[in-house]
Amino acid sequence: MSGASDDRARTGPAGPARDEPFYTIGQVATLLDVPQAQLRRLDELEVVQPERSTGNQRRYSQDEIDTLREVIELTDEGVTLPGVRKVLELRRRVDELEQQLASKAGEAGEVSGDRKGD
DNA sequence: ATTCTTACA
DNA sequence: TGTAAGAA
């Protein structure tokens, strides 16, 4: 029941460690050292779309910050936004396939009725 | 005060 | 890409 995910973003270092702390666009911009306009543009270009909350304000999760770092690095190296979009898409694809492989791995050799000492 | 959208240079 | 006006 502690749904503090739409009111305030984490402010200081001595804050309660929630599951997913959210940050305002200003904090992200300062943290990553990029203009807020660029973050808004990334949102418009479907590269990284943060959640919206009270007043239609963007709320970036730690996960988005992580993605943002990668995106900024790629764009900084000359990758176009559409290109970055593709990279992120592939990244998600890889993540999904890895999960599937993990499921299969756990499925093989570990049945409910583990009968090894037959 | 901070952020949001739209528009312009 | 960076900045401005006007609203929330």
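Order of the sequence lines sets the chain letters (A, B, ...), proteins ahead of strands, with each chain counted from 1. Just so you know, these numbers come straight off a predicted model, no measurement behind them.
Remark: P of C:dT3 and CZ of A:Arg40 are 12 Å apart, rounded to the nearest angstrom. At whole-Å resolution of the value, CD in A:Glu44 and P in B:dT6 are 7 Å apart. Residue A:Asn56 contributes atom CG, which lies 8 Å from atom C1' of B:dC4 at whole-angstrom precision. The separation between A:Leu42 atom CG and C:dT1 atom C1' is 12 Å, rounded to whole Å. In this structure, CD of A:Gln27 is placed 11 Å from P of B:dT2, rounded to the nearest angstrom. Atoms CD (A:Gln36) and C1' (C:dG2) sit 12 Å apart, rounded to a whole Å. The CD atom of A:Glu51 sits 14 Å away from the P atom of B:dC4 (whole-angstrom rounding). What separates CD1 of A:Ile25 from C1' of C:dG2 is a distance of 14 Å, to the nearest Å.
Look at A:Thr24 and you won't find any side-chain N or O under 4.0 angstrom from OP1 or OP2 of B:dT2. Side-chain N/O atoms of A:Arg8 include none lying less than 4.0 angstrom from OP1 or OP2 on B:dT3. An OP1 or OP2 oxygen of C:dA8 is reached within less than 4.0 angstrom by no side-chain nitrogen or oxygen of A:Gln57. For B:dC4, the OP1/OP2 oxygens have a side-chain nitrogen or oxygen of A:Arg58 closer than 4.0 Å. When the side-chain nitrogen and oxygen atoms of A:Arg41 are compared with OP1 and OP2 of C:dT1, none of them lie within a distance under 4.0 Å.
Contact record, A:Phe22 with A:Glu51: CE2-CG, 4.1 Å, taken as the closest heavy-atom pair. Of all heavy-atom pairs between A:Thr75 and A:Leu81, the closest is CG2-CD1, 4.2 Å. Taking every heavy atom of both residues into account, A:Arg10 and A:Gln27 meet most closely at O-OE1, 2.8 Å.
Within a 6.0 Å sphere centred on CD of A:Gln62, heavy atoms belonging to other residues, nucleotides or ligands number more than 12.
Nearer the 5' end of DNA chain C, as judged by each residue's closest nucleotide, is the contact made by A:Leu81, out of A:Leu81 and A:Gly55.
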Show your reasoning for whether side-chain contact (heavy atoms from CB on, under 4.5 Å) applies to A:Glu89 and A:Val84. CA-CA 8 Å; A:Glu89 256 179 62; A:Val84 174; over 6 Å; no
